[in-house]
Amino acid sequence: MTILKAVIFNGALANKNQQTTFQKILEEELTNVGMETESFILNQIEIKTCIGCFKCWDTTPGICSGVKGDRGEEIKKKVINSDLLVFLTPLTFGGYSSELKKILERLLGTLQPGVFRKKGESHHLKRYEKYPSILAIATTEKRDEKEAKLFKHLIERHSHNFHPPKHEAEVFLINEEKNQFRSNIKQLLAKMEMSL
Amino acid sequence: MSKALILNGSPRGKKSSSASLAEYMKILFEAEGIESEIILILTQLNKGERIKEMVQKIKSADFVVLFAPLYDDCQPSIVIKTMEIIAEEKMNLSNKTFIPIINCGLPEPEQISEGVTPIYNQFAITVGFKWGGSLAIGGGEGIQGRFGKQLDEIGAFAKNAIEALNDIVQSLVSEIQYPNVEIILVPKIFYKWPLVNLMTSINTKSWKKMAEKKGEKVDAQPYLEE
Ligand SMILES: Cc1cc2nc3c(=O)[nH]c(=O)nc-3n(C[C@H](O)[C@H](O)[C@H](O)COP(=O)(O)O)c2cc1C
C-alpha cells in the first residue's frame, strides 16, 4: 500500500503568532486520515528568495541553479513527491505572507517555460504528470470578508497555474476555538477525499 | 515641491523590466519639476538600517510608485515583506498617493489585474495610502531583454508603456485620479487566432532551443521518486 504524503508550509512571520496550535491540529488530522506529514516552519529555515534568472527553465530545467546555499531545492523535491501541500499563512492584505511566498516562488521550476492557452489565457505547461493538491489555510486577527474573498480568489488563480488536482481555501480567526478548527479541517479533508 | 519615491520591487534589481520602466518614470517626473528617487527593494531589505532608511523615504514622499513583476499570480516575496514592514510602522500615509505598476511574463494583463491589483488595493486601504490607480503591463518580460537602452529608445514595443507612464505622471501633477489600466506591448492582432497560436508555439520552441543549447532537455523531470 502506498502512503499518501503531505507537506505543510507554515508561513508565520518571525516575532508574530507562530500558528503552532493550528499546525499541530493539521498534523494530527492528516495523520488521522493516514497521511505521512512533514512541516516546515519557514521563518526558521534558510530559504532565499527567487532572483528571477529562469535558469530552472533554460539552463538546468527543473533545478534551481541560480540560488545556492539554502534548503529550497530539498523542499521542492518533497513537494514534487507529495500528494497534498498545505499552506498555513497569516492573511496578508488578502494574500500570502512573505515567508510563505519565498518558498512558493522557488517552485517555478516545477513548471515548464512553454505555454498553452485555456479560456483565452496563457498558462505554463506541466513538467510532471502529477502535482500535489493544495489546502490553503489563512489565519487572521480580524474577520474581513473582502480579504477572505481575495485569498480564495488568489488560490483559484494560483491553481490554474500550478495544476493541483484539487484545491480548497479557507480563512480562520487566529483565536478560533480549537475543536471548531479541527472539525472544519476534518470536513475540508473529507471534501478533498484526502484518504485512501 | 512634490517628491516622488519610486520603489523597484523586482528581484532582478537593476537588470529588470521594472528598472527600465522606473528609470523612464524618473525622467518624466523630473521634466515636471518633481524631485524623484529610485530605490531597490532588494538591497534595501538587506540590513536593518536600510529598512529604516526606506521607511524614512516613504515618510517624506508625496507619491510612492511601486514597480514590480507578477510572481505566481501575486507579489514577489520581497515586495510582500516591504508591505508587511510598512503596515507594521503604522505611519500616517493619508496624504501620500500609492500606485503599483506591475508587469508580467505571460501576454495577458488580466493575469495581473484579476489577481494582484486588488491585493495592492487592499494593502493601500489597510495602511492608509491614497489609491492613485494602477497599471498592469502584459508581456513585460520583453522589455528586460532590451536592458541598457532607455525605454524611449527601444522602438514601437514600448510605445504603450511610455504613453501610460506619461498619463500617470500627468494625472499626479494635475491631481486627477488615474484609473486601473491594462496595457499590452504588442499589437492586439497577436492576441487573436491564428497569430496567438503561432506566437505561443514559437515561444515554447524557443525555450526548448535555449535548453538544448546548454545540452539540456526543457521537459526534464528531476527529483521524482520511485
Ligand atoms: C518565480 C516567478 C514567478 C512568475 N510568475 C508569473 C505569473 O504568475 N504570471 C506571469 O505572467 N508571469 C510570471 N512570471 C514572469 C515575470 O512576471 C516576468 O518575467 C516579468 O517581466 C519580470 O519583471 P522584472 O524584470 O521587472 O522583474 C514569473 C517569474 C518568476 C521568476
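These numbers come from the heavy atoms of this one structure, side chains and all, not from hydrogens, waters or symmetry mates.
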Check: A:Ser98 side chain, B:Ser77 main-chain N or O, donor-acceptor pair, under 3.5 Å: no
Most heavy-atom pairs under 4.5 Å with chain B, out of A:Gly109, A:Gly94, A:Gly62, belong to A:Gly62
Check ion pair A:Asp58-B:Lys213 (N to O, under 4.0 angstrom): no
A:Lys55/B:Glu216 ion pair, N-O < 4.0 Å: no
A:Thr110 versus chain B, heavy atoms under 4.5 Å apart: side chain, backbone, both or neither? neither
With rounding to the nearest 0.5 Å, note down the distance linking NZ in A:Lys146 to CD1 in B:Ile125. 3.5 Å
Kindly compute the distance separating CG (B:Leu42) from OG1 (A:Thr49), expressed to the nearest 0.5 Å. 6.5 Å
Please walk me through it: do B:Glu225 and A:Ile80 pass side chain to side chain contact (heavy atoms under 4.5 Å, CB included)? CA-CA 9 Å; B:Glu225 277 165 7; A:Ile80 293 163; over 6 Å; no
Under the ring pair (Phe, Tyr, Trp, His ring centres under 6.0 Å) test, which residues partner A:His163, sequence neighbours left out? A:Tyr131
Any donor-acceptor pair under 3.5 Å from B:Arg12 side chain to A:Ile51 backbone: no
Tell me whether the count of non-hydrogen atoms from other residues, nucleotides or ligands lying under 6.0 Å of CD in A:Glu129 goes above 12. no
Check against side chain to side chain contact (heavy atoms under 4.5 Å, CB included), B:Ile80 and A:Phe93: CA-CA 9 Å; B:Ile80 303 179; A:Phe93 316 113; 5.9 Å; no
Atom group of A:Leu150 that falls short of 4.5 Å from chain B, counting heavy atoms: side chain
Proximity breakdown for B:Lys217 and chain A, heavy-atom pairs closer than 4.5 Å: backbone
Between B:Pro76 and chain A, which part of the residue has a heavy atom less than 4.5 Å away: side chain, backbone, both or neither? both
Is chain B contacted by the side chain of A:Leu107, its backbone, both, or neither, given a heavy-atom distance below 4.5 Å? neither
What is the distance from atom CZ of A:Arg117 to atom CH2 of B:Trp193, rounded to the nearest 0.5 Å? 13.0 Å
Please determine whether the number of non-hydrogen atoms from other residues, nucleotides or ligands lying under 6.0 Å from atom NZ of B:Lys205 exceeds 12. no
Winner by heavy-atom pair count (cut-off under 4.5 Å) against chain A, out of B:Leu224, B:Thr126, B:Ile78: B:Leu224
Donor-acceptor pair, distance only, cut-off 3.5 Å: does the side chain of B:Glu108 make one with the backbone of A:Ser122? yes
Does atom CD1 of B:Ile189 have more than 12 heavy-atom neighbours, drawn from other residues, nucleotides or ligands, at distances under 6.0 Å? no
Could you have a look at B:Lys81, B:Glu110, B:Gln111, B:Lys209 and say which one has the most heavy-atom pairs with chain A under 4.5 angstrom? B:Gln111
Identify which part of B:Ile119 has an atom lying under 4.5 Å from any heavy atom of chain A, answering side chain, backbone, both or neither. both
Which bit of A:Lys48 is near chain B, if near means a heavy-atom gap under 4.5 Å: side chain, backbone, both or neither? neither
Against chain B, label A:Phe151 side chain, backbone, both or neither, depending on which of its atoms sit under 4.5 Å from a heavy atom there. neither
Side chain from CB out, backbone as N, CA, C, O: work out which of these in B:Gln221 comes under 4.5 Å of a heavy atom of chain A, or both, or neither. both
Run B:Gln75 and A:Lys101 through side-chain hydrogen bond (donor to acceptor under 3.5 Å, both in side chains) and show every step you take. CA-CA 8 Å; B:Gln75 322 94 294; A:Lys101 191 62 211 296; over 6 Å; no
Give me the atom names and distance for the closest heavy-atom approach of B:Ala220 to A:Pro61. CB-O, 4.0 Å
Closest heavy-atom contact between A:Leu154 and B:Asp72? CD1-O, 4.5 Å
Could you tell me whether the side chain of A:Arg157 and the main chain of B:Val116 form a donor-acceptor pair under 3.5 Å? no
State whether the number of non-hydrogen atoms from other residues, nucleotides or ligands found under 6.0 Å of B:Lys96 atom NZ is greater than 12. yes
Heaviest contributor of heavy-atom pairs below 4.5 Å to chain B, chosen from A:Glu105, A:Lys102, A:His124, A:His123, is A:Glu105
Examine distances only and state if a side-chain atom of A:His158 and a backbone atom of B:Cys74 form a donor-acceptor pair shorter than 3.5 Å. no
Pick one of side chain, backbone, both or neither for B:Asn203, based on which atoms fall under 4.5 Å of a heavy atom in chain A. side chain
Turns out that what part of B:Glu212 lies under 4.5 Å from chain A's heavy atoms comes down to neither
Mind checking the CG-CG spacing from B:Asp73 to A:Asn161? Nearest 0.5 Å is all I need. 4.5 Å
Under the criterion side-chain contact (heavy atoms from CB on, under 4.5 Å), which of A:Lys76, A:Glu74, A:Lys78 is the partner of B:Tyr223? A:Lys76
Heavy atoms only: give me the nearest B:Val218-A:Arg127 pair and the separation to one decimal. O-NH1, 2.8 Å
Going by residue number, which parts of residues 12-31 of chain A are within reach of chain B, meaning a heavy-atom gap below 4.5 Å? A:Leu13, A:Lys16
Can you say whether A:Lys130 sits under 4.5 Å from chain B via the side chain, the backbone, both, or neither, judging by heavy atoms? neither
Chain B: which of A:Pro90, A:Cys50, A:Cys53 shares the most heavy-atom pairs with it under 4.5 Å? A:Cys50
